[in-house]
Structure formats: structure tokens, C-alpha cells
Trainee: 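Right, I'll just put the structure down here and ask away after.
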Amino acid sequence: MKGKIKKALKEWNSVVEALGQGKQTIIIRKYKTQVKKFLLFPTFSYALKDDYLKNFQKKHRKFVKKHAFPKKEDKKTEIKYFVICEKMIEGSSKKIGDLEDYFIWNKRHVRSYLNNKNGYIWLMRVYKLKRPYMVRDVPGMTFANLKEGISVEGSQSILSDKEFSKISREIESKMI
């Protein structure tokens, strides 16, 4: 990998860590994106609600609680991961909700988020940056533009090519 990236997707820290630790390879959205390469900017506002754990599968709640909050210092947030969105797959909320082996949320949360409408699976190849970066918090609800680009040179893929291909095939076959 070469170059620097300024574009960052804001996402719950527990999901960012699930992606960064290979527990998850997809995110689910109501929309497509033209942005194929981006950093993961961890957020935590969801964790300020008393009942936030109910949105996650029981087997992942301990992990979610441990990773509810990103590392922060002086209004700066740690960024550790870079993503290439390899594919976007459209599907019904029911089919997407049934992919629970590939994400940490529970079916009810996914279906509620999609409001019983079609959504998009962003199948993502996640890379750990050579070193973490502390960046100033930036405005933006979904995507944010960092003031300075972060180098992705030397980033290491979380999953091997073989592991990623296997998961990709499994997800695509379940969405048919």
C-alpha cells in the first residue's frame, strides 16, 4: 500500500475493533458509497446510552463493552485501521439480518436500522496501519475529511487472501 488518506468513516468503536480484530468483515448501510478507500474513525456516542448492549449479540457483549470507547487524548482520537471496500451487495433487511455470523450486532438491531427496507453490505478488506495516529476530532456524521492525510504504507491485512475470499464467497452465496 502506498499513499496517504484523508477520508475517514465514522463508526462505533466496538465495530471498528471487531473489524480490526477480524471478528467482522462487513458493515451494513442504507446507502451505497463511491468512496472505496478510507480510514476508520472510531466514535462512542452509542455507548452513552444505558441499554446500548442490547443491540449486540449476547456472545459479543463482553467484547463490545471492553471496546465501547476509543483511545482519546486532548480532543484527539486514535486511528488504527484503513479499509478498502471491495464489494457492495444489496439485499433485503431479512437476508442481511440473517448474516449474523459476519457481524456483532443482533438481527433485531440490523432489521430496525434498515426499517424493513433493502440495505447494502459493504464487504471490506481491513488493514492495520503501521502505527496508530492521534487525530483531532472532525465534524461529519458519516464520512469526515481529516486535515492531514495518514500514510497507509506498510499497512498489514487483518485477514489473509484465502480467509477474505472464503468469507466473501459465503456472504455472496447467502445473499442470492
Trainee: Would you verify whether the NZ or CZ of Arg125 falls within 45 degrees of the ring axis of Phe164 while also being under 6.0 Å from that six-membered ring's centre?
Mentor: yes
Trainee: Do the ring centers of Trp122 and Tyr31 come within less than 6.0 Å of each other?
Mentor: yes
Trainee: Salt bridge or not for Lys23 and Glu17, using N-O below 4.0 Å?
Mentor: no
Trainee: Any salt bridge linking Arg111 with Asp98? Criterion: basic side-chain nitrogen under 4.0 Å from a carboxylate oxygen.
Mentor: yes
Trainee: Is it the case that Lys128 places NZ or CZ above or below the six-membered ring of Tyr81, under 6.0 angstrom from the centre and within 45 degrees of the axis?
Mentor: no
Trainee: Going by the angle between their ring planes, with limits at 30° and 60°, are Phe38 and Phe143 parallel, tilted or perpendicular?
Mentor: perpendicular
Trainee: Are the side chain of Asn115 and the backbone of Lys117 linked by a donor-acceptor contact shorter than 3.5 Å?
Mentor: no
Trainee: Rounded to the nearest 0.5 Å, what separates atom CD1 in Ile121 from atom CD in Glu90?
Mentor: 10.0 Å
Trainee: Main chain of Asn106, side chain of Asn55: is a donor-acceptor contact present, judged purely on distance under 3.5 Å?
Mentor: no
Trainee: So that I can tick it off, tell me whether Glu170 and Lys174 are bridged by a salt bridge, with the cut-off set at under 4.0 angstrom between side-chain N and carboxylate O.
Mentor: no
Trainee: Pick out which of Thr25, Ile26, Leu19 makes a side-chain contact (heavy atoms from CB on, under 4.5 Å) with Met124.
Mentor: Leu19
Trainee: Looking at Phe56, Phe44, Phe41, Tyr52, which one forms a ring pair (Phe, Tyr, Trp, His ring centres under 6.0 Å) with Trp12?
Mentor: Phe56
Trainee: Donor-acceptor check, side chain of Ser157 to backbone of Ser160, threshold 3.5 angstrom: yes or no?
Mentor: no
Trainee: Using every non-hydrogen atom in the two residues, find where Lys36 and Thr33 come nearest and quote the distance to one decimal.
Mentor: NZ-O, 3.9 Å
